[in-house]
J.: 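Attaching a single structure in structure tokens format; questions to follow.
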Amino acid sequence: MKKYIPNQIEAKWQKKWKENGIYKTPDSSPKPKKYILDMFPYPSGDGLHVGHFKIYTSSDILARYFRMKGFNVLHPMGWDAFGLPAENYAIKTNVHPTITTANNINTIRNQMKITGFSYDWDREVNTTDPSYYKWTQWIFLKLFEKGLAYEDEAPINWCPKDKTGLANEEVVNGKCDRCGTQTEKKLVRQWILKITEYADQLLEGVQNLDWPRSIKDMQINWIGRKEGINITYKVRGSSEEVVCFTTRPDTNFGATFIVIGPEHPLITKITQKEHLDEVKSYIAKTANRSEEERIAQGRAKTGVFTGSYAVNNLNGKEIPIWVSDFVLGNVGTGAVVGVPGHDKRDFEFAKEFGLPIIRVVVGRDGDASAITQAGQVQEEEGKMINSEFLDGMDIHEATVKIMDYLEEKGWGKRVTTYHLRDWIFSRQRYWGEPIPLIHCDECGVVAIPEDQLPLELPEVEKYEPTGTGESPLAAIPDWVNTICPKCEGPAKRETNTMPQWAGSCWYYLRFIDPKNDKMLVDKEKERYWMPVDWYIGGAEHAVLHLLYSRFWHKVLFDLGITSTSEPFQKLSGVGLVLASDGRKMSKSLGNVVTPNQIVDEYGADTLRLYEGFMGPFENTISWDPASINGVYKFLTRVWEVMSKEETESPDNKVEIALNRLGIKVGHDIENMKFNTPIAAMMEFINLSYHALLTSEQKKKFLIILAPFAPHMTEELFQNVILGRSETTTPESTKEDSGRAPIKLGLARMTDFISIHQQSWPESDQNQLEEKEVSVAVQINGKVRDVLLIQNDIMSDKKIVEKMALESQKAGKFLAGKSVKKIVYIPGKIISFVIDVD
RNA sequence: GCCCAGGUGGUGGAAUGGUAUACACGCUGGACUUAAAAUCCAAUGGCCGCAAGGUCGUGUGGGUUCGACUCCCACCCUGGGCACCA
């Protein structure tokens with residue numbers, strides 16, 4: 001047979017698979033279902049690089065494997081196409097984002113097609129398609145109806161470069177997650193989604209998901225549920241009260257001061273005359289500081305005394321009330337009770353201003369003396385002291401006791417707080433889903449009637465964001481001015497658009513029923529396919545997409561549209577693929593490797609193999625161009641082994657190795673491991689490289705390799721196993737001067753049987769054990785010899801023991817020594833314990 | 001500070017408590033070739049030794065065990081998340 005030349009066979013089979021529709025997914029089947037989903041990409045103008053393809057290759061191997069295992073597999077692909085790059089490009093070149101997006105999608109779809117991914121392309125969706133975003137808008141209206149979308153004018157995070165508001169999740173270390181610009185606080189009229197109403201459900205739901213620990217923890221951290229108590233303190237000589245939130249009321253007998261933030265409304269009421277000037281100038285000073293500056297770690301504590309005292313109800317003690325900017329108005333109650341004996345921050349403040357420090361917990365070390373050094377932290381265990389009726393109690397017991405007591409007395413109220421904030425949902429940009437609402441002077445905010453959806457994005461003259469907090473849509477009077485659906489009076493459209501995340505919140509539902517124009521998704525189909533069994537993508541979406549879509553999904557569940565309370569049962573997060581220089585692949589660094597380059601040079605199957613072989617799926621690994629040749633060499637060796645003549649009498653070693661290989665590869669794929677099964681296949685080929693295989697063995701091996709290298713295995717399956725010479729390539733057509741092969745190929749097209757429609761090989765249980773096993777002889781923990789032992793005597797301890805004693809290498813260590821103990825693990829190891837002199 | 005993941009050859013990495021370093025890259029030597037590429041074969045953790053062999057060795061220090069990369073305790077380092085969060 002000819003040499004292995006990938007680009008002579010790959011396109012041919014891709015065409016054949018398409019013509020025969022072998023990856024089309026029926027909506028019902030007697031087979032069990034498996035929904036395997038990739039996080040769909042943003043169609044960037046640069047196309048995708050080999051890092052993205054690690055995700056798609058892995059999921060494609062899963063999809064192909066589970067099809068062979070007898071599952072009805074849903075494996076779709078689509079485009080998350082709203083977003084800033086297309087819009088910024090439009091600003092620069094005045095090319096409409098629809099055109100840019102369509103071009104980019106074509107580029108990327110082509111990249112995926114030349115790599116041979118087995119998507120059901122009939123189900124492709126595009127979030128910017130009006131027939132898609134009709135339903136995104138429809139969901140928004142449902143949120144609005146349920147009171148989960150509200151309008152507010154609040155100070156929000158604003159990116160001055162992108163000129164739009166951002167959600168909390170989109171601000172990282174005070175910077176815009178997209179462009180890295182320092183964000184500002186800006187008062188903008190916003191649409192906000194009440195994700196906090198689902199905080200508890202989102203928290204509880206995540207516990208039972210089969211997701212990586214780290215991603216679950218990130219969500220739990222982000223939701224940040226905390227149980228504490230608001231304690232009320234009377235201000236001495238006044239009718240005012242100050243309320244402090246704390247999670248550690250057990251230490252409240254150690255409270256020696258209270259700090260309120262500079263924006264606290266109480267300041268003007270309680271500041272004593274002689275302190276007024278000082279307090280005023282302090283507030284003025286801090287007003288210029290950004291929140292980031294105020295909470296910067298390691299910054300010396302500043303503050304001023306108000307002259308007022310609060311009364312601690314527990315012991316009647318009067319404690320001074322200070323103002324300091326480390327206390328933030330928007331966290332807790334904007335006031336903190338200071339327990340410097342057991343909190344580092346409070347300790348620093350007390351030291352700075354000479355306030356008393358009282359210890360109320362003895363830690364494990366038993367040290368109850370006043371702290372003499374900074375850095376005293378809150379104990380996680382310990383016993384109460386100096387706390388009257390709490391004395392002697394464990395701190396956790398004391399926490400419950402004191403909360404009960406404070407509530408009983410009416411001095412406190414248990415509260416739960418969250419780090420999660422409501423989702424700032426509107427963007428002052430063009431390229432997003434228009435929010436389907438109308439502002440009417442008479443009726444207020446009115447939803448667009450469902451039958452008028454989709455509300456299409458209008459053409460504009462200019463895409464530039466205005467920067468004023470208005471979207472470019474506001475500049476189109478024709479579009480903005482409309483009539484109120486309720487009173488039919490003149491009204492104006494909402495001009496904000498939805499954020500990038502909207503379309504991806506529910507796309508997995510649309511793949512189930514992509515062309516339905518009557519409803520979002522057919523109920524029956526939804527019940528059949530949901531939940532997504534296996535979701536594969538990048539971990540960078542841990543608190544963005546993965547939290548937002550869980551939120552929408554739960555709302556849809558409450559509306560009866562989805563039948564599961566969670567969208568993604570199992571999640572695997574891919575590790576970053578770095579460039580060979582160890583840096584992130586980026587166009588500006590010029591270190592990007594595209595799948596096209598690798599397909600051109602080595603073929604798609606080599607690209608796929610290397611994506612899997614380079615290392616564990618979740619590891620961060622640098623792309624190593626030198627190593628690619630290793631998997632290419634493996635494929636040419638496969639080609640050679642499969643092209644050799646066949647034998648009638650199977651080699652026993654090969655037969656056992658092949659049986660074990662099937663089990664190993666299947667097991668590893670199901671555990672998202674791709675490097676080890678490829679290594680095992682390499683071992684098998686190394687073993688059989690100088691042997692002859694039977695036809696049955698060849699077929700079995702090809703099927704096992706097929707999910708990884710679909711093109712080559714199809715070619716060999718058709719030629720070697722089925723014996724059809726459909727090798728009609730441009731090359732061979734030329735050689736054969738265009739005679740018979742083409743016609744033959746066409747005639748057989750109707751009964752095309754693909755290797756990808758074969759069943760995963762069953763392993764023969766009687767052909768898994770070698771005739772001989774090697775047993776290590778261990779003496780005092782050191783391996784001294786390895787015995788080859790026949791299978792049938794393997795379990796006889798006496799015989800193995802005798803063999804070990806008689807062995808030359810091990811025997812000399814045992815001679816003349818008294819053996820204290822012998823442990824034998826059949827087929828593995830025999831361990832002698834002897835006296836050492 | 002808190003939470004999570006991880007530390008194994010020159011490199012990517014493998015190993016249900018049971019022969020550490022599979023598989024691959026790279027380097028080295030050999031075969032083929034006029035030569036090179038490609039391919040094939042062999043070798044490849046450190047130290048000692050001509051060799052047989054010995055000895056140390058999975059971040060560090062302890063522990064459990066006949067036996068530990070794997071389990072337990074303490075610590076160090078790297079990466080990620082949260083954070084003057086009250």
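Proteins come first, then strands; the chains are lettered A, B, ... in the order of their sequence lines, and each starts at number 1.
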J.: Is there a donor and acceptor pair, one atom on the side chain of A:Lys828 and one on the base of B:U16, closer than 3.5 Å?
T.: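 Side chain to base: pair found, below 3.5 Å.
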J.: Heavy atoms from C-beta onward define the side chain here; which of B:C40, B:C23, B:G13 lies closest to that of A:Lys633?
T.: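 Nearest nucleotide to the side chain: B:C40.
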J.: Of all the choices, B:C84, B:C66, B:C23, which nucleotide is nearest to the side chain of A:Gln778 once you look at every atom?
T.: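 My answer, after comparing the listed nucleotides, is B:C66.
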J.: Within this structure, what is the CD1-CG distance for the pair A:Ile779 and A:Leu814, rounded to the nearest 0.5 Å?
T.: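 Here the rounded value is 4.0 Å.
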J.: Tell me which nucleotide, if any, is Watson-Crick or G-U wobble paired with B:G67 when both distances must be under 3.5 Å.
T.: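 Because no pair has both required distances under 3.5 Å, B:G67 counts as unpaired.
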J.: State the pairing partner of B:U55; accept Watson-Crick or G-U wobble contacts with both distances under 3.5 Å, and report none otherwise.
T.: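 Answer to the pairing question: B:G46, which forms a Watson-Crick or G-U pair with B:U55.
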J.: Look at the rings of A:Phe684 and A:Phe701 and say which category their plane angle falls in: under 30° parallel, 30 to 60° tilted, over 60° perpendicular.
T.: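 Taking A:Phe701 first and then A:Phe684, their aromatic rings lie parallel (interplane angle under 30°).
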J.: Hey, is A:Lys802 close enough to A:Glu806 for a salt bridge, meaning N to O under 4.0 Å?
T.: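 Judged by the 4.0 Å cut-off on N to carboxylate O distance, A:Lys802 and A:Glu806 do form a salt bridge.
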J.: Would you say the side chain of A:Lys216 and the base of B:C4 hold a donor-acceptor pair, judged only by whether the two atoms sit under 3.5 Å apart?
T.: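 Answer is no: no donor-acceptor pair is held.
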J.: Checking contacts here: which listed nucleotide (B:C56, B:G81, B:U16) is nearest the side-chain heavy atoms of A:Met218?
T.: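 Closest of the options to the side chain of A:Met218: B:G81.
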J.: Describe the nucleic acid contact of A:Phe613 in one word from base, sugar-phosphate, nothing, applying a heavy-atom distance below 4.0 Å.
T.: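 Base contact.
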J.: Would you mind calling B:G45 syn or anti? Take O4'-C1'-N9-C4 for purines or O4'-C1'-N1-C2 for pyrimidines, and syn is within 90° of 0.
T.: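 In terms of base orientation relative to the sugar, B:G45 is anti.
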J.: Name the closest nucleotide to the A:Arg637 side chain, picking from B:G18, B:C40, B:A24.
T.: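 Nearest to the side chain of A:Arg637 among the choices is B:C40.
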J.: Quick one: label A:Val327 by what it contacts on the DNA or RNA (base, sugar-phosphate, nothing), any heavy atom closer than 4.0 Å.
T.: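 Counting heavy atoms under 4.0 Å across all strands, the contact made by A:Val327 includes a base.
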J.: If you compare every side-chain N and O of A:Lys809 against the phosphate oxygens of B:G54 (OP1, OP2), does one of them come in below 4.0 Å?
T.: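 Looking at the OP1 and OP2 atoms of B:G54, neither is under 4.0 Å from any side-chain N or O of A:Lys809.
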J.: Does a salt bridge link A:Asp796 with A:Lys798, judged by any charged N lying under 4.0 Å from a carboxylate O?
T.: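 Not counted as a salt bridge, because no side-chain N and carboxylate O are separated by less than 4.0 Å.
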J.: Can you tell which of B:G18, B:C85, B:C82 lies closest to the side chain of A:Ile829?
T.: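 Selected nucleotide (nearest to the side chain): B:G18.
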J.: Give the nucleotide from the list B:C85, B:A22, B:C40 with an atom nearest to the side chain of A:His690.
T.: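 The nucleotide sitting nearest to the side chain is B:C40.
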J.: Between atom CZ in A:Phe832 and atom P in B:U65, what is the gap in whole Å?
T.: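 Going from CZ in A:Phe832 over to P in B:U65 covers 21 Å.
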J.: Taking any strand in view, what nucleotide pairs with B:A74 in a Watson-Crick or G-U wobble way, both distances under 3.5 Å?
T.: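 B:U60 is the nucleotide pairing with B:A74.
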